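Just so it is clear, the values below take in all heavy atoms, side chains as well, and ignore hydrogens, waters and symmetry mates. Per chain, numbering begins at 1; letters A, B, ... match sequence-line order. All figures in this text were calculated on a predicted structure; none of them were measured in a lab.
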There are 2 protein chains.
Amino acid sequence: MTASIRIGELAARTGVSVRSLRYYEEQGLLTSLRSPSGHRRYLESQAERIVFIQRLFSAGLSSRTIVDLLPCVESPSADTSEAALERMRQERDRLDRHIEDLIRTRAVLDELIAANRAHRSQLARA
Amino acid sequence: MTASIRIGELAARTGVSVRSLRYYEEQGLLTSLRSPSGHRRYLESQAERIVFIQRLFSAGLSSRTIVDLLPCVESPSADTSEAALERMRQERDRLDRHIEDLIRTRAVLDELIAANRAHRSQLARA
DNA sequence: ACTGAACCTCACACGGACGTGAGGTAGGAA
DNA sequence: TTCCTACCTCACGTCCGTGTGAGGTTCAGT
């Protein structure tokens, strides 16, 4: 329960660079305690939060947007503002549209691959 | 059949900025003929190519990668190099993995939204 | 011929997540 | 104590698609 994980260790566990962890903190995505000498100390539980943040980044959310959502993630409790929840829904819908678009793009690529393959096998017979 | 579309018109048709069209040309994604005075002239058929390029950009491909793929798109014919086709398959697979990841992320968001909603309605009864 | 819009070529700015290096302190094993 | 590694804080660099402005030419309508 004591915050005992050092930044290097956390980076190793999550696969996120030390630089990025400091950046997340700077952006308000992550908090850390400090040892008397000023070194960051983390709780075990921070790891999953970081993985989640990574997930949101790769879904195209900005750090600013993630900050807005996090209250909703941390405490699905009383103080979860309606605004945060609405923001979450917005991002969910945006993501949904993006997925649909990517699926169409994938289909186009599949068609192109098929067309090339067809032409190729036609050549092979000639 | 004569290349008669001007860049502003093409931008309007495709929803891509004039700046971006020039950039695409600079990156080798697009070609243009020039009027005697040096103004770009495009074929009608360029429009769909541009839409496709946009599609690839939004799927996270870099202009460099797109350049590698385009031979495969333009002419699914003899000179379609095996390398280009292989590159296309790679990008298809990368996209596939990304879509899977996004779908998982969407599921997580859905869970969070549901959790918050549940808590909210619980409060309403109190 | 005049005028305003559209075009041209540089070329610098930006946003955002992260890399990287400088210059320095802390921690722990030999 | 020595020495190596991990940590700290600036702060500048990078990538890349795109915006933007300067300074100039061309086109089309009147």
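Here the closest heavy-atom approach between residue B:Ser17 and residue B:Ala11 is recorded as C-CB, 4.3 Å. Of all heavy-atom pairs spanning A:Leu95 and A:Ala59, the tightest one is CD1-CB, 4.2 Å.
Atom-to-atom, CD of A:Gln54 to P of C:dG16 comes out at 18 Å; the value is rounded to the nearest Å. The OH atom of B:Tyr42 sits 13 Å away from the C1' atom of C:dA6 (whole-angstrom rounding).
Checking the phosphate oxygens (OP1, OP2) of C:dA17, a side-chain nitrogen or oxygen of A:Ser63 falls inside 4.0 Å.
Scanning for side-chain hydrogen bond (donor to acceptor under 3.5 Å, both in side chains) contacts around A:Arg19 gives an empty result, with sequence neighbours left out. Residues that satisfy the salt bridge (Lys or Arg N to Asp or Glu O under 4.0 Å) test with A:Glu25, not counting sequence neighbours, are A:Arg34, A:Arg40. Listed by chain and number, the residues in a ring-ring contact (aromatic ring centres under 6.0 Å, His included) with B:Phe57 are B:Tyr24 (sequence neighbours excluded). Partners of A:Ser35 under the side-chain hydrogen bond (donor to acceptor under 3.5 Å, both in side chains) rule, at least two apart in sequence or in another chain, are A:Ser37. A:Glu111 pairs by the side-chain hydrogen bond (donor to acceptor under 3.5 Å, both in side chains) definition with nothing, not counting sequence neighbours.
Hydrophobic clustering places A:Val67 together with A:Leu61 (ILVMFWY residues linked when any side-chain heavy atoms are closer than 4.5 Å, directly or through intermediates).
Salt-bridge formation is detected for the pair A:Arg13/A:Glu9: a Lys NZ or Arg NE/NH1/NH2 atom is positioned less than 4.0 Å from an Asp or Glu carboxylate oxygen.
The ring pair (Phe, Tyr, Trp, His ring centres under 6.0 Å) analysis of residues 28-54 of chain A, with sequence neighbours excluded, yields no pairs. For the salt bridge (Lys or Arg N to Asp or Glu O under 4.0 Å) condition, the pairs that include at least one residue of residues 59-73 of chain B, sequence neighbours left out, are B:Arg64-B:Asp68, B:Asp68-B:Arg87.
In the helix from C:dA1-D:dT30 to C:dA30-D:dT1, the rotation axis of the first five pairs and that of the last five pairs differ in direction by 0°, rounded to 10 degrees.
Map B:Arg34 and A:Phe57 each onto its nearest nucleotide of DNA chain C; the residue landing nearer the 5' end is B:Arg34.
Put simply, chain B comes within 4.0 Å of DNA chain D, heavy atom to any atom, from D:dC16 to D:dC27, going 5' to 3'.
Among the atoms of the strands shown, none is found under 4.0 Å from any heavy atom of B:Arg64.
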I'd like a table of atom pairs between the protein and nucleotides 26-29 of chain C - only N or O on both sides, under 3.5 Å - with the distance next to each one.
unit_1 : atom_1 : unit_2  : atom_2 : d
C:dA26 : O3'    : A:Ser37 : OG     : 3.1
C:dG27 : OP1    : A:Ser37 : OG     : 3.2

* Asked: Do B:Arg97 and B:Glu100 pass the salt bridge (charged side-chain N to carboxylate O under 4.0 Å, His left out) test, and can you show the C-alpha distance, the side-chain angles, and the key distance before you say yes or no?
  -> CA-CA 5 Å; B:Arg97 288 192 299 272; B:Glu100 289 308 309; over 6 Å; no
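Contacts between residues 18-28 of chain B and DNA chain D, defined by a heavy-atom separation below 4.0 Å, involve B:Arg19, B:Ser20, B:Tyr23, B:Tyr24, listed by number.
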Which side-chain N or O atoms in residues 102-109 of chain A pair as donor and acceptor under 3.5 Å with protein atoms at least two apart or in another chain?
unit_1   : atom_1 : unit_2   : atom_2 : d
A:Thr105 : OG1    : A:Asp101 : O      : 3.1
A:Thr105 : OG1    : B:Arg55  : NH1    : 2.9
A:Arg106 : NH1    : B:Asp96  : OD1    : 2.4

